[in-house]
Student: 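Questions regarding the structure given below will be posed in turn.
All chains are named by letter (A, B, ...) in the order of the sequence lines, taking the proteins before the strands, and each is independently numbered beginning at 1. These numbers were taken from a predicted model, which means no experiment stands behind them.
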Amino acid sequence: MDYRGLAKLRSTYTDKLPEQINARTGRVHTSYHQAVAATGRLSSTDPNLQNIPIRTAEGRRIRQAFVAPAGHVLIAADYSQIELRIMAHLSGDAGLLDAFAHDRDIHQATAAEVFGAASPDQVTADQRRAAKAINFGLIYGMSAFGLARQLGIERGAAQKYVDLYFQRYPGVKRYMDETRAMAREQGFIETVFGRRLYLPEISSRNAQMRQYAERSAINAPMQGTAADIIKRAMIEVHRWLHGQPHARLMMQVHDELVLEVAEDRVDAVLQELRAHMVAAAELRVPLKVEVGVGRNWDEAH
DNA sequence: CGACTCACG
DNA sequence: ACGTACGTGAGTCGT
């Protein structure tokens, strides 16, 4: 497994990215595609700069190769928990809205509810990890089977977690059921901003195909609304930076924008960038943006 | 060209 | 009974 991990990094990134350097500009230039992903996300090809490694120390060394020119730094700005915030908005669940209104650690708060901790600071690391898997699973339209596999526990135990979650966050349960029903009646789902995904298989007599469409119906409003929001932010950031030479929008990675900025303008750009991203949508919960600065892309996180 | 694997959000 | 968490792109291998 160690060999495979390193072989992947070398064949996909270390060997290939240098071949993609443009002789005229000395940079790698990706292509972004606006009409590939069904949810409204962008995709990135030749090279794909939306899957540069970050999860291992060796992988991060590849990310460190993405650097700002002399006199400049990179700024990375990430939306924090944007899909769960959108789930709170769409479901209107009181507990979830309250958690984000107070900017709580959402996985810790979920763990406290599901596992009945006396207070959030009594939550163990293992309970938080399980709650995080539950939260991801909700966004993906999980089954107890899938959660069980992810956590390495028995299906019955996973089903108990799911039941407890829906007991504590009944608005989420109601939203999931209503979304499936609406998708079946209408044949499509919509994001907060009206982007549609048509799901003809939602009425299929083939159970496998129908269930796949049902998971898409659950996931697409959240993933797609997040895509809408960052696209709105990109338009505002582009308008703001138009004609300004000291800052350039360089990359988008689904919930993250990367800018190249002159060193002496960093403080002002940080504040205004965050403001544009936070203001890109007004939901029933606040949007939160985490910003970082560095000489390279890894440091900027 | 498809299957498999694995990189990211 | 059915299969089993969403969305992508790229390298490798076998055909």
Student: Side chains of residues 180-202 of chain A: which donor-acceptor partners sit under 3.5 Å, not counting sequence neighbours?
Tutor:
from     : atom 1 : to       : atom 2 : distance (Å)
A:Arg180 : NH2    : A:Asp177 : OD1    : 3.4
A:Arg184 : NH1    : A:Glu214 : OE2    : 3.4
A:Glu190 : OE2    : A:Arg196 : NE     : 2.8
A:Glu190 : OE2    : A:Arg196 : NH2    : 3.4
A:Thr191 : OG1    : A:Phe193 : N      : 3.3
A:Thr191 : OG1    : A:Gly194 : N      : 3.3
A:Thr191 : OG1    : A:Arg195 : N      : 3.0
A:Thr191 : OG1    : A:Asp228 : OD2    : 2.6
A:Arg195 : NE     : A:Asp228 : OD1    : 2.9
A:Arg195 : NH2    : A:Asp228 : OD1    : 3.0
A:Arg196 : NH1    : A:Tyr198 : OH     : 3.0

Student: Given atom CD of A:Gln81 and atom P of B:dG9, what is their separation to the nearest angstrom?
Tutor: 13 Å
Student: Looking at DNA chain C, which of residues 124-139 of chain A put a heavy atom within less than 4.0 Å of it?
Tutor: A:Ala133, A:Phe136, A:Gly137
Student: Could you check whether A:Glu83 gets within reach of a base, just the sugar-phosphate, or nothing at all, counting any heavy atom under 4.0 Å?
Tutor: nothing
Student: Listed by chain and number, what are the salt bridge (charged side-chain N to carboxylate O under 4.0 Å, His left out) partners of A:Arg10, not counting sequence neighbours?
Tutor: A:Asp15
Student: Output a table of donor-acceptor pairs, distance under 3.5 Å, between side-chain atoms of residues 70-78 of chain A and any protein atom two or more places apart or on a different chain; print 'none' if there are none.
Tutor:
from    : atom 1 : to      : atom 2 : distance (Å)
A:His72 : ND1    : A:Ala70 : O      : 3.0

Student: On DNA chain C, reading 5' to 3', which nucleotide is the first and which the last to sit with an atom under 4.0 Å from a heavy atom of chain A, could you check?
Tutor: C:dC2 to C:dT12
Student: Can you list the residues that meet the salt bridge (charged side-chain N to carboxylate O under 4.0 Å, His left out) rule with A:Arg4, with sequence neighbours excluded?
Tutor: none
Student: Kindly state which residues belonging to residues 208-215 of chain A come within less than 4.0 angstrom of DNA chain C, counting heavy atoms of the residue only, listed by number.
Tutor: A:Gln208, A:Gln211, A:Tyr212, A:Arg215
Student: Tell me which residues in residues 42-66 of chain A put a heavy atom below 4.0 Å from DNA chain B, sorted by number, or none.
Tutor: A:Gln50, A:Asn51, A:Ile52, A:Pro53, A:Ile54, A:Arg55
Student: If you take any heavy atom closer than 4.0 Å to DNA chain B, which residues from residues 151-181 of chain A end up in contact?
Tutor: none
Student: Give the dot-bracket line for DNA chain C from 5' end to 3' end: parentheses for intra-strand Watson-Crick or G-U pairs under 3.5 Å, square brackets for crossings, | for inter-strand pairing, dots for unpaired.
Tutor: .....|||||||||.
Student: Near DNA chain B, which residues from residues 6-20 of chain A have a heavy atom under 4.0 Å away?
Tutor: A:Lys8, A:Tyr13
Student: Could you work out, with side chain to side chain donor-acceptor pair (under 3.5 Å) as the rule, every residue matching A:Gln159, not counting sequence neighbours?
Tutor: A:Asp163
